Amino acid sequence: MNYKAKMLRDNALEGKTYIVTGGGSGLGKSMSRYLLELGAKIVITSRNLDKLKTTAEELEKETGSEVLPLQCDVRDYEAVCKMRDDSIARFGKIDGLLNNAAGNFISPTERLSSNAFDTIIDIVLKGTKNCTLALGKHWIETKEKNKTVVNIVTTYAWTGSAYVVPSATAKAGVLAMTRSLAVEWAKYGIRFNAIAPGPFPTKGAWDRLLPGDLKEKFDLAKKVPLNRVGDHQELANLAAYLLSDFAEYLNGEVITIDGGEWLKGAGQFNLLEDIPKEMWDMLEMMIKSKKRG
Ligand code: HXC
Ligand code: NAP
């Protein structure tokens, strides 16, 4: 057994149906694959229908489960409601929503146009709101229970981060929405949780956050105490668990899966990691001598 192993038992999600936004690529695709392997049926959505159809075909072949690819720009509430209705028409019900779609790029904030800032807020915050509201209203109206929403955020949702300010602002809003609705909609049988992933290599994120030779210049693994980036299966294991009935008592949490990355940046004395082992005898002596003096 290692960290790339699959966590839940066979058929753990049999009978379940989930919507995964941004499910055609990157982490959304990896999480979808595992949900399907566990017996769930999946709707994958994004703007690019050709990409979704190719992914759906590939995942159906690999897993033997059903995938419905639906084009839907999460910024458009009407389109989101249609996507919800088409999903229900095909599968009869939806048990959970994985808000994974996002947009992001690095830029000094003063270089951004107002529209550039809005574009990220609209995809991440408004998109998550649109999908959550569309599904939530439906579940509340039909009095269906045992539903769940998992939102993908980032650790800079609470630390903030320079050079990705629209994304940090939007993800912070998504985290606030997660915690707020975890309380407000618990009475309707809807659970809310979030996942804050550290660096997990994907083409979508790496091309926009580490363009050109930045990939070579900034080795993200070096920022992680465990000295490696995440493996997609590790994230898929966590998402599947949170979406499953095994997590029935887990509500309003954000679970960080980053090898300790954000805490390494936060702890005031973490920089002492760079002190060689041999130096500690001398440092201890110096400190103790101060106490005596
Ligand atoms: C400054 C930029 C820009 C850039 C776009 N704009 N890219 N401004 N620097 N690099 C501006 C445009 O000029 C325009 O403003 C406005 O943003 C909208 O641009 P469009 O190209 O028209 O937008 P759209 O086609 O909707 O595309 C959205 C996008 C794009 C976000 C710009 O990158 C995209 O489709 N991304 C989806 C996938 C993605 O981003 N994945 C990464 C998620 S990773 P004007 O004023 O000119 O009209 C992630 C990881 C977090 O979140 C943590 C990792 C450790
Ligand atoms: P990705 O492959 O670029 O995923 C983003 C997805 O969102 C794409 O499938 C994209 O599909 C979809 N999307 C973008 N705009 C959309 C819109 N307006 N409507 C509907 N779908 C839209 O990048 P990723 O790395 O897998 O990111 C997935 C999630 O993980 C994001 O929430 C991201 O913030 C989060 N995350 C990633 C990392 C990491 O290290 N990779 C770290 C922390 C958090 P289309 O282009 O076809 O629309």
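Whatever order the structure lists ligands and atoms in, that order sets their numbers, starting from 1. Model, not experiment: these values are computed from the prediction.
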Carboxylate-amine/guanidinium contact Asp213 Lys215, below 4.0 Å:
no
Does ligand 1 have an atom that lies less than 4.0 angstrom from a heavy atom of Arg75?
yes
For ligand 1, which atoms sit closer than 4.0 Å to a heavy atom of Leu209?
50 (C), 54 (C)
Please tell me whether Asn99 and Thr132 have a donor and an acceptor in their side chains that are separated by less than 3.5 angstrom.
yes
Closest to atom 32 (C) of ligand 1 (judged by heavy-atom distance), picking from Phe105, Trp206, Phe117:
Phe105
Can you tell me which portion of Glu261 lies within the under-4.0 Å heavy-atom range of ligand 1? Options are side chain, backbone, both, or neither.
neither
The ring-ring contact (aromatic ring centres under 6.0 Å, His included) partners of Trp262 (sequence neighbours excluded) come to Trp158
Atom 20 (P) of ligand 1 protein-contacted, heavy-atom criterion under 4.0 angstrom
no
Any atom of ligand 1 sitting under 4.0 Å from a heavy atom of Arg111?
no
Is NZ or CZ of Lys129 both nearer than 6.0 Å to the six-membered ring centre of Tyr77 and within 45° of the ring axis?
yes
Output for ligand 2, non-hydrogen cut-off under 4.0 Å, lists Gly22, Ser25, Gly26, Leu27, Ser46, Arg47, Asn48, Lys51, Cys72, Asp73, Val74, Arg75, Asn100, Ala101, Ala102, Ile123, Ile152, Val153, Thr154, Lys171, Pro197, Gly198, Pro199, Phe200, Thr202, Gly204, Ala205, Trp206
Is Glu284 salt-bridged to Lys288, going by a charged N under 4.0 Å from an acidic O?
yes
Within a distance of under 4.0 Å, is there any protein heavy atom near atom 13 (O) of ligand 1?
no
Protein non-hydrogen atom below 4.0 angstrom of atom 46 (O) of ligand 1 present
yes
For atom 37 (C) of ligand 1, which candidate among Ala168, Ser161, Ala102 holds the nearest heavy atom?
Ala102
State if Tyr156 counts as touching ligand 1 under the rule of any non-hydrogen atom under 4.0 Å.
yes
Checking contacts now, so for atom 51 (C) of ligand 1, which I'm interested in, is there any protein heavy atom under 4.0 Å?
yes
Salt bridge flag under 4.0 Å for residues Arg228 and Glu234
yes
Got a salt bridge between Glu58 and Lys29, using NZ or NE/NH1/NH2 to carboxylate O under 4.0 Å?
yes
Pairing of Asp86 and Arg90 as salt bridge, 4.0 angstrom limit:
no
